Amino acid sequence: MALRTSVIPKVVLAAASVALLTVTSGCSSDDDSADSSASATARGPITYVEGKDTTETGVIKQIIDLWNSSHPDEQVSFKEEPSDADQARSDMVQHLQAKQSDYDVLGLDVIWTAQFAANGWLQPLKDDFAIDTSGLLAPTVASATYNGTLYAAPKNTNGGLLFYRKDLVPVPPKTWGEMIAACPIAKQNNIGCYAGQFAPYEGLTVNTSEAINSHGGSFVGPDGKTPTVDSPQARAGLQQLVDGFKSGDIPADAITFKEQESQRAFEDGKLLFLRNWPYVYGTAAEGDSQVKGKYDVAPLPGVAGVGTSTLGGYNAAISQFSKHKATALDFVKFLTSEQAQRIIADGALPPTLASLYDDPALIAELPYLPALKESIANAVPRPVTPFYPAVTKAVQDNAYAALKGEKSVDQAITDMQAGIASAGS
Ligand code: GLC
């Protein structure tokens with residue numbers, strides 16, 4: 001895809017003008033503010049930190065290379081974290097708790113905004129740090145906002161999709177029931193029917209949330225705090241997954257699956273249906289994938305119609321401890337530029353820039369874009385709370401115990417409610 005280059009001169013100009021300001025503020029005699037105002041206008045090399053880039057095209061490297069080609073004195077290095085969201089978060093938390101300045105721009109999973117902001121680790125994106133979010137999808141801006149303040153630039157969003165083998169099932173199922181009814185086709189072909197991500201980590205919270213939300217259940221009330229998961233709808237949602245494992249329609253080894261294991265199973269031709277994020281649309285078409293040309297995507301299956309996706313995605317925040325915040329700010333803005341957003345879309349990661357979803361050339365390349373836009377607009381965010389790690393642990397631990405048959409669904413939901421209630425204490 002041809003890349004527009006018109007953004008670069010503007011960025012360079014902005015860099016030059018802020019560099020002048022740096023010199024001026026360096027003369028300040030106000031010692032107290034000298035440090036933070038100096039870092040606010042200071043420029044130099046920075047490090048961008050995010051979980052493993054699993055896209056086929058390597059979007060982060062591409063974006064960084066493009067930036068670096070026109071910023072010789074403000075080079076960005078990529079510190080790649082593990083792909084497991086929980087492991088990536090804990091490394092970032094350690095660095096920030098120690099007030100280390102080595103992570104300048106943080107690629108934050110949407111669920112981390114509240115915790116990182118409440119701890120004072122993020123530079124609020126207001127006043128001199130304000131960025132233009134008017135062209136971005138509204139739910140992505142909300143996912144980067146905490147207590148009315150924007151803390152990060154929405155980089156990529158995410159919505160779950162159902163990948164299916166169109167060579168075996170020409171018309172995708174709309175409901176979970178229709179999907180299960182197609183499982184004998186998997187048996188005849190000696191492959192598993194359905195998998196998502198069921199290992200005990202954030203992906204299990206995502207999959208459990210989708211099952212529960214699709215049944216009309218919820219985790220917390222409108223205040224974002226009061227637990228509401230103790231409901232018949234939530235029980236029905238979790239039961240659906242438990243039944244899948246019991247019947248074997250979800251193969252037993254799916255209990256160890258994170259995104260990449262489930263992606264590999266599908267690409268090895270071992271699954272009829274897969275719930276995963278759109279990046280698989282790119283990876284399954286390349287390399288040693290056994291299903292090239294044999295798959296398509298559909299919305300997640302729900303109860304009476306399409307299901308409800310969990311809102312995913314990553315946002316770029318500036319560390320409060322960065323020593324080169326002016327460079328960090330320009331890089332964060334660059335991530336939301338059309339140039340960077342097109343690289344993101346090319347890697348089959350959902351962009352945050354709304355206009356790309358209506359771009360005919362891009363739709364021709366990625367025909368699922370309109371459906372994905374709809375899915376993201378209706379996706380349900382996970383609870384917004386500084387105590388999210390404890391909330392997700394309550395969801396993961398109890399869902400996992402139920403899937404393994406170690407707890408009844410009833411007990412798991414009762415305990416999940418209690419765990420969410422005590423998360424903030
Ligand atoms: C994806 C999503 C992210 C989610 C994670 C779970 O990376 O973008 O929001 O938390 O998967 O594994």
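Keep in mind that this is a model prediction, so the values were computed, not measured. In listed order, ligands and their atoms are each counted from 1.
Annotation: the span from Leu122 atom CG to Ser322 atom OG amounts to 12.0 Å, rounded to 0.5 Å.
Among protein heavy atoms, the minimum distance from atom 10 (O) of ligand 1 is reached at Asp109 OD2, 2.5 Å. The nearest heavy-atom contact from the protein to atom 7 (O) of ligand 1 is Tyr314 CE1, 3.5 Å.
Contacts of Lys52 with ligand 1, taken as heavy-atom pairs under 4.0 Å, are absent altogether. In Glu259, the part holding a heavy atom less than 4.0 Å from any atom of ligand 1 is the side chain.
Atoms of ligand 1 found under 4.0 Å from any heavy atom of Gly313, numbered from 1 in the order shown, are 2 (C), 3 (C), 8 (O), 9 (O). Set against the non-hydrogen atoms of Asn158, the atoms of ligand 1 under 4.0 Å away are 1 (C), 2 (C), 8 (O). The Arg382 neighbourhood of ligand 1 comprises atoms 3 (C), 4 (C), 9 (O), 10 (O), with distances under 4.0 Å to a heavy atom of that residue.
For the ligand labelled ligand 1, residue Ala85 lies outside the 4.0 Å heavy-atom shell.
Residue-environment remark: NZ (Lys292) exceeds the threshold of 12 foreign heavy atoms within 6.0 Å. Heavy-atom contacts from other residues, nucleotides or ligands closer than 6.0 Å to NZ of Lys270 number 12 or fewer.
Side chains of Ser218 and Thr228: a donor on one and an acceptor on the other come within 3.5 Å. Between the side chains of Thr57 and Asp346, not a single donor N or O lies within less than 3.5 Å of an accepting N or O.
Screening Glu267, Arg264, Gln260 against Thr283 for a side-chain hydrogen bond (donor to acceptor under 3.5 Å, both in side chains) leaves a single residue, Glu267.
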